[in-house]
Q: 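Could you have a look at this structure, given as structure tokens, before my questions?
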Amino acid sequence: MHHSIEIEHLSFVYPDGHPALQDVSLTIAPGEKVALVGPNGAGKSTLLLHLNGILKGDGKVTVCGLPVEGKNLGRVRAAVGLVFQNPDDQLFSPTVFDDVAYGPLYQGLPPAEVEARVTSALAAVGMSAYARRVSHHLSAGEKKRIAIATVLSMNPEVLVLDEPTAGLDPRARRGLIRLLGSLPMTMLVSTHDLAMVRELLPRMVILDEGRVAADGPAAELLADAALLEAHGLEKP
Amino acid sequence: MHHSIEIEHLSFVYPDGHPALQDVSLTIAPGEKVALVGPNGAGKSTLLLHLNGILKGDGKVTVCGLPVEGKNLGRVRAAVGLVFQNPDDQLFSPTVFDDVAYGPLYQGLPPAEVEARVTSALAAVGMSAYARRVSHHLSAGEKKRIAIATVLSMNPEVLVLDEPTAGLDPRARRGLIRLLGSLPMTMLVSTHDLAMVRELLPRMVILDEGRVAADGPAAELLADAALLEAHGLEKP
Amino acid sequence: MHIHFLDPYRAGNSPLHAADARLKFVLTLAFILTASLTPPAAWPVYILLLALILSIEILSGLGVGPVLKRSLLALPFVLAALPLVFTVEGQALFSLPLGAWTLTASVEGLARFVSVALKSWLSVQAAIVLAACTPFPELLQAMRAVGLPRLLVAMFGLTWRYLFVLADEALRLMRARAARSGAVSSTSLKAGGNVAWRAGVTGGMAGSLFLRAFERSDRIYVAMLSRGYDGEVRALPLPAFTAAHWLTLTAGLALLALLLGFGLLFWG
Amino acid sequence: MLYSPAPMHIPDGFLSTLVAVVLWILSAGVIAYALRRVGNDLGERQVPLMGVLAAAIFAGQMLNFTVAGGTSGHLLGAALAAILLGPWAAIIVMTTVVSIQALIFQDGGLLALGGNLFNMAVIGVAVAYFVYVSVQKAARGQRWGVFVGGFAAAWMSIVIAALACALELAFSGTSPANVAVPAMGGIHMLIGVGEGLITLGALAFLYAARRDLLHIGEAAPKGGRVVWVGGLVIALLLAVLSPLASAHPDGLEWVAEQQGFLEAAREPLYSIIPDYVFPGISNEALATIAAGILGTLLVFGVALGVAYLRRRQTADR
Ligand SMILES: Nc1ncnc2c1ncn2[C@@H]1O[C@H](COP(=O)(O)OP(=O)(O)OP(=O)(O)O)[C@@H](O)[C@H]1O
Ligand SMILES: Nc1ncnc2c1ncn2[C@@H]1O[C@H](COP(=O)(O)OP(=O)(O)OP(=O)(O)O)[C@@H](O)[C@H]1O
Ligand SMILES: [Mg+2]
Ligand SMILES: [Mg+2]
């Protein structure tokens, strides 16, 4: 049996010479739900972008048993659903339907299958009625749900979310947490929202200056005020 | 003696027919620090835009004893410092210096006075070293501080902030709260961050669907779970 | 996510970095004009101009290598001038039999072609040095100083500021698209859709970028109004242009004029 | 660099000084007029609106899609700007885009900027506007008008701008018309398809999300007619001129005329230095040598000074 995500000694330097990741190793078992926290600029987004080969550093990244590299990229991208912080970056088609259908269409699925995928993805996020709507006019919370649907329609095994609750009001945030709790996939969530971590994610990884500073049960780490303080975090 | 802000029976309908404010009345004494909370779309930003006459609804708005209308607009805009949610919308000049100098320049101050204002505003937010920097390379927290400096340089009597902590990491957020606590002006802050309200703002106004739903000491309102729940909020 | 690499400015503390932007701007334009006016085949002048620009590159601390690498940017366009080698009449150099025709290269044609390529290469180096040693905000001041409408300069400044914001947005859009461009393992399906569909999706991205920019411009307008903007573009007065500046400017222009005169006199 | 520009930005050196200056004057005139018009229409809003939209067109040029085998399609944006903003504002937006490309990224020359502005900001916009408005009229407000018009406007604006570019090169004597015109025209007929498809996609998005924006072009009819006629004339002129020019590559009287001009311009210089002689030196060969030595000394003097300064500076650190 393989692990969902295996990262071994990963380092990455941006073209301008900024070292964003330094020797990061991390293993996530299938079905695990893991939080990735740390101050601004810690390298969280950079790490997430390695999981489907958008960035390529030194070291080894394996997802669902597939090494993330050249010939596997297509399958890796189908297996990893990456949801970016700003849903506006993810919703670039005229209608919600087109957006959710992008992944399946790109995979070359037959039209009937595409329809079925879109329908079930929208149902999963509770937005079935929105298929014909124009994404641009939706509220932030609604956009966020659609953005998640756009990756669910690809039937990913792993869901990777970059700061999913940023900019949501408390009601929309609550709805989103409930939704994520109900999804069965392996999940890796980068966030500043430690209250959400406590509720939703049993395991927590602290990243700081491109290194893994701590990795363990969220409840334990969140109780350690000194540790949090040292990495620019705060008890929720 | 006049109040810093007096709003009487203010209603506002957007050109597309959406009623965003309905009969809002609110009085804020000089030096008071007030939170404006409520769900997305409650009308918070709309209300703030009335304070310096960018929007004009039915009703009466007086700031520092000046009715907000035609011939007073110049003086009103000098008296009210409005900081928008997204600092990228507020920092529109090529360099930090140009941005902070923008307000004083439009007030027609002599060059030496403009320089002096910029220097002291940057010092107030602890960013003196950044004058010659270019805004787009700054971090979110730094941008936020500069955005506040751009209005401090106008020597406003009232500081109005729209969601100042959104998108900041815990460390930057803490720094900002400390900064705001140290400023002496009258303050009206729209926010979803109730933890900040508890720390910084003694009075709280809940807006929902364009109406004032509650107005009182923040500590009291924040303890009333039913009230918060009813307006899409949550105990911090 | 940041697009640092879009900004061609390279910080440094060379005399060139410290020099007044107006000076650099005018002298760069004069240099390009000189190269442009120099007659074809005035080789010594080209060599002198090259020596001049290479010296400046060394002086600037940018290093000759990086500038030369960047200057290859204009290279593809050289193809447009290549036919000159064969179409200008003159002393035959060599012939290329091409099926029914024969192309005959002439010495004069080759000289014209090399001249065009050299002019272009010299000019692009000058422009690169200017952009790499002068922060854009200072270039804006220079443009104001040479009399460009203040309104246009203000727009340039705003565009430059938001270029980075929007380029970041474009980058994130492309990443989001790449992240969802996956293929299933069964090889019977051809991933990628057709070209028209892909172009249409890209169009959607452009449309969304445009729309967000449009709405952002509203917010910026409001932010500008809040700080007193009234449609008039105002700016602090430019720093004084001292006697030393005038002297440098005159000397620079005189040198270029001399080189140009030399070229026109003997090859014109 | 994230994008490889379509070969339409003329670098310095490829336009003769005369052509470059004439195009500078033409562009400056049109731009100055457009600035006035836009100022009247938009007032205080013009700086933020034009500035940010120029940045958006710029960023939009980074977006690409794979065509086949590693090549990719890009956007230029003149048509999109003309459709969304109307002709005058589009001229200003494209002026800003093209100028910044030249100033910061050396994408196109500085002396040649007048020509590039003329091709992309003036001709590109005028032709796009003319085509779009004409198709709209033919469609009588039906939906297909937006899309067909958008595609055609984008394609035409690219092709016509490329033809103008080729003719300018021919006028300058840097590229024979019988080579440049078919080559530039041919390549851009293909590139134009990509431009058209992206523009179409953008219009489809905007049609769904903010249909009201697509009427900006129509809502600015005042003076729009001038541009419409201008676009028509330019399109016709180039469509007729290009084949003519490429049929008579050597018989271009213009090139001859232009050389006449240059000859005339040189006269005064010769009269300043009579008989190719340096003051005080009466032998032609000697004068040549003297001038050469003088020039060389000057340049190497500068180079030495530079090297000295440089050394001292590194020593300081
Ligand atoms: N394109 C880029 N080029 C150069 N440096 C970059 C680039 N993108 C990010 N960086 C730098 O790399 C570091 C890590 O950035 P990253 O975006 O991964 O941080 P993050 O942990 O996601 O932060 P945040 O909480 O603010 O989202 C930062 O210092 C950042 O400035
Ligand atoms: N320009 C506009 N035209 C029409 N309706 C608008 C416009 N701007 C805002 N609205 C609507 O007015 C209402 C109040 O908006 P406002 O931006 O004031 O809310 P808010 O309380 O600031 O919300 P948030 O917490 O999301 O910032 C919302 O329903 C919004 O959709
Ligand atoms: Mg991040
Ligand atoms: Mg708001």
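Quick note on labels: first sequence line is chain A, next is B, and so on, each numbered from 1. These values consider heavy atoms only, across backbone and side chains, with no hydrogens, waters or symmetry-generated copies. Note that the structure is a prediction, hence the values are computed from the model and not measured.
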Q: Among A:D89, A:L82, A:L55, which residue meets the side-chain contact (heavy atoms from CB on, under 4.5 Å) test with C:R175?
A: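 By the side-chain contact (heavy atoms from CB on, under 4.5 Å) criterion, C:R175 pairs with just one of A:D89, A:L82, A:L55: A:L55.
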
Q: Given heavy-atom pairs under 4.5 angstrom as the criterion, report whether the side chain, backbone, both or neither of C:L209 touches chain A.
A: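 Neither part; nothing is under 4.5 Å.
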
Q: For the residue pair A:D88 and C:S208, what are the closest heavy atoms and their distance?
A: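 Looks like O-OG, 4.5 Å.
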
Q: Would one find more than 12 heavy atoms of other residues, nucleotides or ligands at under 6.0 Å from atom NZ of A:K56?
A: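 Counting neighbours around NZ of A:K56, more than 12 heavy atoms of other residues, nucleotides or ligands fall under 6.0 Å, so yes.
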
Q: For A:H18, which atoms come within 4.5 Å of any heavy atom of chain C: side chain, backbone, both, or neither?
A: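 A:H18 has no heavy atom closer than 4.5 Å to chain C.
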
Q: Of A:N52, A:V151, A:L105, which meets side-chain contact (heavy atoms from CB on, under 4.5 Å) against C:R180?
A: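 By the side-chain contact (heavy atoms from CB on, under 4.5 Å) criterion, C:R180 pairs with just one of A:N52, A:V151, A:L105: A:V151.
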
Q: Can you tell if the side chain of C:R172 reaches within under 4.5 Å of the side chain of A:F84, non-hydrogen atoms only?
A: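 Not in contact.
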
Q: How many angstroms lie between CD1 in A:I54 and CE in C:M174, if you round to the nearest 0.5 Å?
A: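 It comes to 11.0 Å.
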
Q: Is it the backbone or the side chain of A:L51 that comes under 4.5 Å from a heavy atom of chain C, or both, or neither?
A: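 Neither part, no heavy atoms under 4.5 Å.
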
Q: Counting only non-hydrogen atoms closer than 4.5 Å, does C:R177 touch chain A with its backbone (N, CA, C, O), its side chain (CB onward), both, or neither?
A: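 Looking at C:R177, backbone and side chain both touch chain A.
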
Q: Of the backbone (N, CA, C, O) and the side chain (C-beta and beyond), which part of A:T150 lies under 4.5 Å from a heavy atom of chain C, both, or neither?
A: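 Both parts, heavy atoms under 4.5 Å.
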
Q: Select, from C:A176, C:A170, C:A179, C:A206, the one with the greatest count of heavy-atom pairs under 4.5 Å involving chain A.
A: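 Of the candidates given, the most pairs with chain A belong to C:A179.
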
Q: Between C:A178 and A:R77, what is the shortest heavy-atom contact and its length?
A: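 Result for this residue pair: O-CD, 3.0 Å.
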
Q: Measure up the A:Y102 and C:W197 rings against each other and bin them: parallel (under 30°), tilted (30 to 60°), perpendicular (over 60°).
A: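 Ring orientation of A:Y102 relative to C:W197: parallel.
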
Q: For chain C, which of A:L73, A:N72, A:D99 has the most heavy-atom pairs under 4.5 Å?
A: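 Top count of heavy-atom pairs under 4.5 Å with chain C: A:D99.
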
Q: With a 6.0 Å cut-off (strictly less than), is the heavy-atom count around CD of A:E32, excluding the residue itself, greater than 12?
A: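 Atom CD in A:E32 is packed in, count exceeds 12.
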
